Amino acid sequence: VHMEQRFASADGRRIAIERQPFGEPPELWVCDLKTTRLYRIGPGKAMTASSSRNVIYYLTPSPKTRLVRLKLSDLSTCEIMAFPDALKQRKLAISHDEVSLVAGPFWLRDNLYQVDLIDVASGKRTTLCELADIPNPHLQFDPGNPDRLLVQVNRGSKFTPSTGLTRQSGPRGATLYVVNVPSGEVTPLPVGLPDTPAISGHSTWAGRSGRVVFTTAPGVADSLLSNTGVFRLASGKDKPVQIVSGKRFNHLAVSDDGQFFIVDDHQTQTIHIGSVETGRFLKLCESRTRQGKPQYTHAHPYLTPDNRHVIFNSNVTGVAQVYAATVPVAFLEDVATVDKKESDTQ
């Protein structure tokens, strides 16, 4: 599971899980959290989702790659369009009204990439924009505005098809852009050096609020610990606001209602839930994962749309598995309380 796009039904009851048997293509499964029953959908890689509309889009394996729409309410599927292998991309994002799909990045030359815009109804594919330094763009539509696309820019990165990604980013680190859909107009955000400490590469929209939430510099030296934490950027504001400091928070998600952020600690792998408004946070549970290079060893926690479960990965048993931690209602009420002492967040 990954935290940026919540592969879950609107009522929070069903979640999607991607698993990959050794030597085989990835498979898409759905888990009913009420009964813990698992449903195998079939071979495919989960790509993007619209929780509010109870749908997941996934790609079937080669050689005949297809984009398929899965409806979580009844587990029905329908093919949307064919995806030629020559155009197969690493990332997809669907607007929450399911009108627009973006695909990319496609390497063009030097350090320049292309992002495509696809009309879901007609299948028409056009170029949305060309951007430098987006080998890992984390494409995300604004849930409250299908005209806004969040893109991560890894300034100073180095990639070619022959060598692969040889440098994640340069001295300035990553930043964020908002791209208008469908005009392709690009607006840089005051995120990353020099406006904020170096960002971790984990950011997301805060529900439909228009805010962007991101974490900074996980795992840095103790002397720079004050630079680590969680920031909130409101639409139209000049400067991000730091809502958590001195914590090595890393992977980040925000609840669908935009009220709470969910993070894991870079050192301890504990999972916390906090208030986007105040920054007050409380520890929910231990993931106990031993984070390594494979992405499935990273906790990647996210909150289901009903705010009842946090879904995360852990390899505590020696085998990577997906877990659900129940969130008591009183827990979120406590997090949202504004008259607690600051020391309570510890």
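For this chain, numbers begin at 1 and follow the sequence in order. From a predicted model like this one, the values you see are computed outputs, not experimental measurements.
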Note to self: Walk me through whether Val230 and Phe281 qualify under side-chain contact (heavy atoms from CB on, under 4.5 Å).
What the structure shows: CA-CA 11 Å; Val230 182; Phe281 63 89; over 6 Å; no
Check: Could you walk me through whether Leu149 and Leu128 pass the side-chain contact (heavy atoms from CB on, under 4.5 Å) check?
Finding: CA-CA 11 Å; Leu149 179 74; Leu128 174 63; 4.0 Å; yes
Margin query: With side-chain contact (heavy atoms from CB on, under 4.5 Å) as the criterion, how do Arg308 and Val327 come out once you've worked through the C-alpha distance, each side chain's angles and the decisive distance to 0.1 Å?
Written below: CA-CA 5 Å; Arg308 288 306 314 277; Val327 183; 5.5 Å; no
Item checked: Stepwise side-chain contact (heavy atoms from CB on, under 4.5 Å) test for Ser203 and Leu150 -> CA-CA 9 Å; Ser203 56; Leu150 188 66; 4.1 Å; yes
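Remark: His251 NE2 to Ser200 OG distance equals 8.0 Å, nearest 0.5 Å. Here Ile311 contributes atom CD1 and Ile17 contributes atom CD1; the two are 8.0 Å apart, rounded to the nearest 0.5 Å. The distance from atom CZ of Arg248 to atom CG of Asp265, rounded to the nearest 0.5 Å, is 8.0 Å. Here the straight-line distance linking atom OG of Ser314 with atom CD of Gln291 works out to 11.0 Å at 0.5 Å rounding. Leu332 contributes atom CG, which lies 9.5 Å from atom CG of Leu282 (distance to the nearest 0.5 angstrom).
Inspection of the Thr289 and Gln269 side chains reveals no N or O donor paired with an N or O acceptor under 3.5 Å. A donor-acceptor pair shorter than 3.5 Å can be found between the side chains of Gln140 and Thr204. For Glu18 and Tyr296, the side-chain atoms include no donor-acceptor pair closer than 3.5 Å.
Classification of the Tyr113-Phe159 ring pair by plane angle, with boundaries at 30° and 60°, yields tilted. A parallel orientation is assigned to the rings of Phe214 and Phe231, their planes being inclined by less than 30° (bins at 30° and 60°). The aromatic rings of Phe261 and Phe249 lie tilted to each other, with the angle between the two planes from 30° to 60°. Note: His138 and His202 have perpendicular aromatic rings, judged against thresholds of 30 and 60 degrees for the angle between ring planes.
Side-chain heavy atoms closer than 4.5 Å link hydrophobic residues (I, L, V, M, F, W, Y) into clusters, and following such links, even through other members, never connects Leu193 to Leu176. Under a hydrophobic-cluster definition in which Ile, Leu, Val, Met, Phe, Trp and Tyr are linked whenever side-chain heavy atoms come within less than 4.5 Å, directly or via other members, Phe106 and Leu112 are assigned to different clusters. Val181 and Val99 are not part of a single hydrophobic cluster, where members link through side-chain heavy atoms under 4.5 Å apart. Side-chain heavy atoms closer than 4.5 Å link hydrophobic residues (I, L, V, M, F, W, Y) into clusters, and following such links, even through other members, never connects Leu131 to Leu108.
Looking at Thr215, its side chain does come within 3.5 Å of a backbone N or O of Asn250 through a donor-acceptor pair. Without hydrogens or angle criteria, Thr228 side chain to Lys247 main chain gives a donor-acceptor distance under 3.5 Å. Under the 3.5 Å distance criterion, the side-chain polar atoms of His309 are left unmatched by any main-chain donor or acceptor of Leu303. In this structure, Arg155 contributes its side chain and Gly170 its backbone to no donor-acceptor pair below 3.5 Å. Judged by distance alone, with hydrogens and angles left aside, the side-chain atoms of Arg211 form no donor-acceptor pair with the main-chain N or O of Arg232 at under 3.5 Å. A distance-only check finds a donor-acceptor pair linking the side chain of Arg148 to the backbone of Gly210 [under 3.5 Å]. At distances below 3.5 Å, not a single donor-acceptor pair connects side-chain atoms of Asp116 with backbone N or O atoms of Ala103. A donor-acceptor contact shorter than 3.5 Å is absent between the side chain of Arg208 and the backbone of Gly258. For the pair Asn154 (side chain) and Gln168 (backbone), a donor-acceptor distance under 3.5 Å is present. Between the side chain of Thr175 and the backbone N or O of Val191 there is at least one donor-acceptor pair closer than 3.5 Å.
A salt bridge does not link Arg13 with Asp306: none of the charged nitrogens is closer than 4.0 Å to a carboxylate oxygen. Salt bridge Lys124/Asp119: absent, no basic N to carboxylate O contact under 4.0 Å.
Environment of CZ in Arg288: sparse, with no more than 12 heavy atoms of neighbouring residues, nucleotides or ligands closer than 6.0 Å. Taking a 6.0 Å sphere around CD of Glu185, one finds it holds 12 or fewer heavy atoms contributed by other residues, nucleotides or ligands. Counting non-hydrogen atoms of neighbouring residues, nucleotides and ligands closer than 6.0 angstrom, the CZ atom of Arg109 reaches no more than 12 such neighbours. Taking a 6.0 Å sphere around CZ of Arg172, one finds it holds 12 or fewer heavy atoms contributed by other residues, nucleotides or ligands.
Cluster partners of Phe22 are absent, since no Ile, Leu, Val, Met, Phe, Trp or Tyr has side-chain heavy atoms less than 4.5 Å from it. Grouping Ile, Leu, Val, Met, Phe, Trp and Tyr by side-chain contacts under 4.5 Å, direct or through others, puts Val30 with Phe7, Leu28, Tyr39, Ile41, Ile56, Tyr58, Val68, Leu70, Leu72, Leu75.
Counting all heavy atoms, side chain and backbone alike, Pro25 lies closest to Pro21 at O-CD, 3.9 Å. In terms of heavy-atom proximity, Asn313 sits nearest to Gln295 at ND2-O, 4.4 Å. Across Pro146 and Ser95, no two heavy atoms sit closer than the pair CB-CB, 3.9 Å. Residues Asp32 and Arg14 approach most closely at OD2-NE, 3.7 Å, considering heavy atoms.
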